[in-house]
Amino acid sequence: MTASAEITPHVNAEQYKLLYAQSVKDPDAFWGEQGKRLDWIRPYTRVSDVSFAPGNVSIRWFDDGVLNVSANCIDRHLDTRGDQTAIIWEPDDPKDPALHITYKDLHRSVCKMASVLKELGVTRGDRVVLYLPMIPEAAYAMLACARIGAIHSIVFAGFSPDALAARINGCDAKVVITADEAPRGGRVTALKTNTDQALLHCDDDVKCLVVKRTGGQTTWTPRDYDYNKLAKTAADTCAPEPMDAEDPLFILYTSGSTGQPKGVVHTSGGYLAYAAMTHEIVFDYHDGDVFWCTADVGWVTGHSYIVYGPLANGATTIMFEGVPTYPDTGRFWDVCEKHGVNQFYTAPTAIRALMAAGDDPVKSYDLSSLRTLGTVGEPINPEAWNWYNTVVGGGRCPIVDTWWQTETGGHLMTPLPGATELKPGSAQQPFFGITPVVLEPTTGDVIDGNDVEGVLCIATSWPGQMRTVWGDHERFEKTYFSDYEGYYFTGDGCKRDADGDYWITGRVDDVINVSGHRMGTAEVESALVAHGRVAEAAVVGYPHAIKGQGIYCYVTLMNGEEPSEELRQELRRWVRTEIGPIASPDLIQWAPGLPKTRSGKIMRRILRKIAEDDFGALGDISTLADPSVVEDLIDNRMNRE
Ligand code: WTA
């Protein structure tokens, strides 16, 4: 299937093959050249210095180079495009005016934010947590941290006070930046109130910088600072701090298969070069284009493709505060028409939800400015792909199905517009410098050839790769480099088809993907068992028509507790409070017992099958301590409709 948009691709099919071959044959030569996309205060002389060896994992790129990320995203554009719009801010309510923030404006606002942070005592290497709505100040704060060498850690505004506190404490933050309230989809979340609650569990020294969004601010505590007041008198210039390429730029907490979320660390030079390159090549971005990634800056997609990649390339990037369905299901298309969007990047869950609303809301808008469409976050089903292609893209716009992860910093596998014959549902081919391998899951042997399936690993490093888990390098090695020695283990399964194209088949670990949000089942389980009436819980994913996966919980109550619909509701509320609304259980089944091996290990494979309504093929259950529990679970399984 081909799409014939009026694109002038940076690379065609032949160039892709040639360049890809070069990039993996001599990565240092390739990336040495790509690093020049950035402005360096002191140019690097070394390109890569990498070891994936167990016990000695170390990843360094451009490591003797010195640069500043905010200067690369702002200052270097001032002479050539100071009056060009850097950020278009589209507010939640379409009746409110959008803001057009030029590169000059951005410079001024970022310097002010940086000056305020300095006044609060933030210096190079300090951590700053951001808990903000999708407002321009979120981007200012990210870039201000980068400017003074502080490390930001963004916590998605949908997370609960408990989750926020865990992250503030996890990285030992000096300051948390929040706003009074976050309007979204016509409703408001009281971010400052949440932050106050979180800070009850944090060190007294943590300061709270409060940005005004709605004016709904009520209480002030001695640790609070009013951003808008401080910004009035703060200096509007602030020299960018010269940073080493390997100095951390940000920490982003993400879910894994075990324990609490881990702080993924990305550094300055390699991350930015990779985000900038993928943004340009994968989306076929050209100077003057208006680029829209609908993600939230609380996720890695927002980091790389709302802020860092686009701004490093001098683009006009859209920051959208709202949701796709407010005030109606035409909102995305309204914004595309209003701002003349050229590249549009969203998640399959949003596409499916909008597809369910029919074609009319799309057809009422002029989408002729669109040239490239992108998706990210989970596999896209062919039906949604086809709708996106024909109804949204009018059959003209190539769709880039980008497969990547918080850990990878940017796209690892994706079709390239104009260079790839598209296949709906496939991430297709590796980006430059990326060396995917398919391994046999149990032996770890490399599976060569085509038409094969296994676990997906990456054999060699790329500049955007995460460097460590904040404060726990051992966990980094254990999570990503110990199951399959010598490789980076992605946690995903994949197929390589007869043509050599890759298809991601989903996680092979206990991570589920709900509406494109990544979640560890262990986190939901520990939230459930923290409730006084719950004895035990096991959580798995099941196929969900809109969300991709839904959250299915098996709950065993304490002796003497009676199941009831009220308790079910209470547990849902409980998980929302413990983690946040995105973790809200879809289905809760009362389980008198869970299927366990004689050594007490819960057999999740069985629970997954039952949740998937696929219990005809449960496999061998004779090793269970009590096989009869399975029958009970099957008989009482929840209706998935
Ligand atoms: C899944 C989001 C199929 C995958 C950038 C991965 C995808 C996890 C795709 C990372 C895609 C992401 N096709 N699956 N195009 N993109 N995934 O860290 O399972 O939030 O491991 O990063 O999402 O999620 P994360």
Side-chain angles (χ1 to χ4, degrees), residues 154 156 158-159 250-257 261-266 271 274-275 278-279 282-283 293-306 308-309 345-352 373-382 384-385 388 399-416 420 422-431 434 436 455-458 464-466 469 479-480 488-495 501-521 523 541 543 547-549 582-583:
I154 307 189
F156 175 58
F159 277 118
F250 65 83
I251 303 167
L252 185 56
Y253 282 84
T254 193
S255 297
S257 50
K262 47 187 173 294
V264 167
V265 175
H266 282 289
Y271 168 80
Y274 198 74
T278 47
H279 171 256
V282 173
F283 297 112
C293 163
T294 68
D296 190 287
V297 290
W299 311 112
V300 73
T301 309
H303 285 65
S304 299
Y305 301 112
I306 294 175
Y308 289 117
Y345 189 32
T346 195
T349 185
I351 297 168
R352 286 191 295 266
L373 301 175
T375 77
V376 57
E378 53 176 317
I380 181 164
N381 48 312
W385 195 99
Y388 199 28
I399 296 178
V400 289
D401 178 350
T402 61
W403 170 78
W404 59 297
Q405 311 177 297
T406 306
E407 292 88 341
T408 71
H411 311 136
L412 290 201
M413 293 215 267
T414 173
L416 296 182
T420 314
L422 303 177
K423 289 182 184 173
S426 169
Q428 296 197 269
Q429 57 191 21
F431 190 70
I434 304 303
V455 296
L456 176 60
C457 288
I458 312 290
Q465 185 172 23
M466 77 181 280
V469 169
T479 310
Y480 303 104
Y488 165 75
F489 173 43
T490 64
D492 279 316
C494 85
K495 286 195 267 209
D501 283 316
Y502 290 87
W503 300 71
I504 305 300
T505 52
R507 302 288 302 196
V508 296
D509 52 11
D510 290 317
V511 171
I512 54 178
N513 198 322
V514 182
S515 299
H517 296 148
R518 174 171 161 177
M519 210 168 309
T521 51
E523 278 168 76
K547 300 181 185 180
Q549 280 187 299
I582 55 167

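The model shown is predicted, which means the values in this text are computed figures rather than measured ones. When a ligand or atom number is given, it counts from 1 through the structure's own listing order.
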Worksheet item: Who are the salt bridge (charged side-chain N to carboxylate O under 4.0 Å, His left out) partners of D296, not counting sequence neighbours?
Response: none
Worksheet entry | Atom-level proximity to ligand 1, residues with heavy atom under 4.0 Å | V300, T301, V376, G377, E378, P379, D401, T402, W403, W404, Q405, T406, D492, I504, R507, N513, R518
Worksheet item: Excluding sequence neighbours, so at least two apart, what forms ring-ring contact (aromatic ring centres under 6.0 Å, His included) with F250?
Response: H152, H266, Y271, H303
Worksheet item: ring-ring contact (aromatic ring centres under 6.0 Å, His included) with F431: which residues, sequence neighbours excluded?
Response: Y274
Worksheet item: Can you tell me how far CE of M519 sits from CD1 of I512, rounded to the nearest 0.5 angstrom?
Response: 6.0 Å
Worksheet item: Do D401 and W385 meet the criterion of a side-chain donor-acceptor pair at a distance under 3.5 Å?
Response: no
Discussion item. Please evaluate residues F283 and Y305 with respect to the criterion side-chain contact (heavy atoms from CB on, under 4.5 Å), reporting the C-alpha separation (whole Å), side-chain torsions for both, the decisive distance (0.1 Å), and the verdict.
Written reply: CA-CA 10 Å; F283 297 112; Y305 301 112; 3.9 Å; yes
